Undergrad: 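Have a look at this one.
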Amino acid sequence: MIVDNLIDWFPTSAAWPGLTFIVAVILCAVPVFIFIAVYALVAIYGELKISSFIQDKVGPMGQGVGLHAWRWGLLQPVADALKLILKEDIIPSSADKKLFILAPFIVFIGAFIAFSALPFSQTLIIADMNIGIFYILAVSSLGVIGIILAGWSSNNKWSLYGAMRSAAQIVSYEIPAALSIVVVIMLTSTMSMQGIIQYQSGLVWGFLPNWLLFNNPFTFLAFFIFFISGVAECNRTPFDIPEAESELVAGAFTEYSGMRYAFFFLSEYANMFVVSGVAATAFMGGWQSPIPGMFNTPGWGLFWFISKSMFLIFMMIWFRWTFPRLRVDQLMDVCWKGFIPISLFNIFGVGIWYLLIG
Amino acid sequence: MYRDFGTVLIFAMLAIVLVYVPLFIQSLVAPSQKTPDKLDNYECGEEPEGSAWVQFNIRFYVIALIFLIFDVEVVFLFPWAMVFKEMGMVAFIEMGIFLLILIVGLAYVWKKGDLDWVKYNVKYGRGRYRQKASQTEGEAVGSI
């Protein structure tokens with residue numbers, strides 16, 4: 001949508017349509033990258049501080065001179081980023097070099113292109129494609145290829161174990177997540193992200209905003225299945241068995257250092273935002289205001305979307321410091337014997353609910 | 001339409017550039033003093049023992065196979081969900097039959113024990129396998 005507007009706005013669009021299109025997309029993509037970087041810095045700082053407060057510590061405070069200084073350790077993530085760029089770039093001599101180098105690119109592409117369909121506000125969506133939500137589900141699982149490549153090419157036992165576990169986990173939890181999205185599409189009859197949000201305007205039950213979360217008991221259940229599966233797809237605790245520090249060092253990324261590692265890290269945080277953004281769009285009304293009919297201008301829309309996503313990211317961080325890690329067999333049992341039967345049942349439930357009650 | 005997916009293509013190409021530029025900067029500013037020890041694989045400080053490229057447990061393959069079946073099923077569900085409201089009861093019954101077949105498949109896989117990560121087919125199990133092994137001795141051996 002933004003791309004279309006930019007193309008119409010450029011005076012050169014008639015003469016060189018192709019070139020104008022490429023320039024318009026680049027003008028969209030660079031702010032997205034800046035957004036991801038800034039968001040990652042905020043999220044890393046938030047994670048450090050929230051974890052510290054939960055454990056009754058103060059977290060980074062930075063009393064010294066230099067970059068660690070400044071108040072409340074606010075520059076801690078910046079110092080981390082600088083440290084990572086100054087690290088020696090090491091590729092193990094026994095690794096498969098080509099695949100080792102390729103892996104962070106694939107993981108980052110998977111995380112980055114998902115942002116092109118996220119609806120930040122009424123007007124702020126880079127490409128409002130008609131299969132938006134399906135597209136995001138598809139590309140967000142691209143990262144698993146990169147993780148397998150990283151684990152296999154490192155020629156390291158920790159990496160291989162981490163990668164295999166990660167792949168098994170991500171592909172398993174993709175199914176309940178997608179089945180929960182099917183429930184949403186059954187009610188909205190559209191796969192466009194903006195269409196799904198527009199469906200959720202107005203009131204339901206007389207006083208609640210008409211978010212799908214509150215629409216009926218089955219969508220309420222579907223939200224939790226989707227969100228928990230999303231946490232598992234991001235390899236976050238309590239589903240962090242692929243990179244359990246105390247067992248597998250750093251999982252698939254054990255051999256990576258410097259910027260290569262930084263991009264895995266960045267992609268992980270970007271994926272958290274994508275999962276939260278999709279959950280906010282599909283179940284919590286995206287840019288719709290919580291008070292129907294008020295605060296619904298595009299500016300407020302951006303605010304609501306970001307705050308809903310950030311709230312869900314806060315939940316993920318909260319989970320991390322609240323729940324113990326699941327064992328690998330429990331992890332698979334939760335997915336295959338818990339979530340998948342429940343979400344299949346959910347589809348029947350929503351179907352009957354719609355046919356009987358409407 | 002071509003604008004939507006052309007955007008995706010350019011985004012993907014730009015992502016490559018955005019990863020490459022910091023890597024390039026790192027190669028300029030970061031030190032590089034490679035030694036054979038540094039380039040060794042990490043194995044908790046020990047000398048790495050053999051290669052990691054070994055045969056891997058088959059259960060990952062089984063999970064991948066089951067995933068493939070269910071993922072294709074989910075792809076079939078999406079177009080159905082789009083027209084569900086238009087077609088109402090007919091669509092619901094048709095997809096109910098389709099889902100029922102898959103649920104039977106899931107129940108079969110479940111009963112067969114392919115969803116269990118740890119297979120309790122140890123004849124003289126110790127520790128946490130002991131109780132299960134004594135319960136299911138005889139019948140579980142066939143489900144490898």
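Throughout, a chain's letter reflects where its sequence line sits, starting with A, and its residues are numbered from 1. Treat the numbers as computed from the prediction; the structure is a model and nothing was measured.
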Undergrad: Count the heavy-atom pairs under 4.5 Å between each of A/V25, A/I109, A/N155, A/I106 and chain B, then report the option with the highest count.
TA: A/N155
Undergrad: Check each atom of B/L106 against the heavy atoms of chain A and say whether the ones under 4.5 Å are side chain, backbone, both or neither.
TA: side chain
Undergrad: Quick one: do A/D89 and B/S27 satisfy side chain to side chain donor-acceptor pair (under 3.5 Å)? Show the steps, please.
TA: CA-CA 7 Å; A/D89 179 28; B/S27 73; over 6 Å; no
Undergrad: What part of B/E73 gets closer than 4.5 Å to chain A, counting heavy atoms only: side chain, backbone, both or neither?
TA: side chain
Undergrad: For B/P31 and A/L86, work out which heavy atoms get closest and say how close.
TA: CD-O, 3.3 Å
Undergrad: What closest approach, in Å, do A/V182 and B/A81 show between heavy atoms, and which atom pair accounts for it?
TA: O-CB, 3.8 Å
Undergrad: Could you go through the side chain to side chain contact (heavy atoms under 4.5 Å, CB included) check for A/F105 and B/L23 one step at a time?
TA: CA-CA 11 Å; A/F105 284 90; B/L23 283 175; 4.1 Å; yes
Undergrad: Taking ring pair (Phe, Tyr, Trp, His ring centres under 6.0 Å) as the criterion, tell me which of A/F112, A/F33, A/F108, A/F115 meets it with B/F11.
TA: A/F112
Undergrad: Evaluate B/F92 against A/Y354 for ring pair (Phe, Tyr, Trp, His ring centres under 6.0 Å), listing each step before the verdict.
TA: CA-CA 10 Å; B/F92 183 70; A/Y354 173 74; 10.0 Å; no
Undergrad: Do you know which two heavy atoms are closest between B/N41 and A/E255, and how far apart they sit?
TA: OD1-OE2, 3.1 Å
Undergrad: Measure B/A12 against the heavy atoms of chain A and call it side chain, backbone, both or neither at under 4.5 Å.
TA: both
Undergrad: As an exercise: rank A/K157, A/M332, A/M129 by heavy-atom pairs under 4.5 Å with chain B and give me the winner.
TA: A/K157
Undergrad: How many angstroms lie between atom OH of A/Y135 and atom CZ of B/F5, to the nearest 0.5 angstrom?
TA: 8.0 Å
Undergrad: Measuring from atom CH2 of A/W336 to atom CD1 of B/I66, what distance do you get when rounded to the nearest 0.5 angstrom?
TA: 5.5 Å
Undergrad: Side chain to side chain contact (heavy atoms under 4.5 Å, CB included) between B/F78 and A/I131: does it pass, once the steps are laid out?
TA: CA-CA 10 Å; B/F78 272 90; A/I131 56 158; over 6 Å; no
Undergrad: Quick one: of B/Y20, B/F70, B/W110, who has the most non-hydrogen atom pairs under 4.5 Å with chain A?
TA: B/W110
Undergrad: Hey, which of A/L84, A/V30, A/L187 has the most heavy atom pairs under 4.5 Å with chain B?
TA: A/L187
Undergrad: Most heavy-atom pairs under 4.5 angstrom with chain B, which of A/T188, A/I185, A/I181?
TA: A/I185
Undergrad: For residues B/A30 and A/I85, report the shortest heavy-atom separation together with the two atoms involved.
TA: CB-O, 4.0 Å
Undergrad: If I compare all heavy atoms of A/K87 with all of B/Q26, which pair ends up nearest, and what's the gap?
TA: O-NE2, 2.9 Å
Undergrad: Given a strict heavy-atom distance threshold of 4.5 Å, which part of B/F67 is in contact with chain A: side chain, backbone, both, or neither?
TA: both
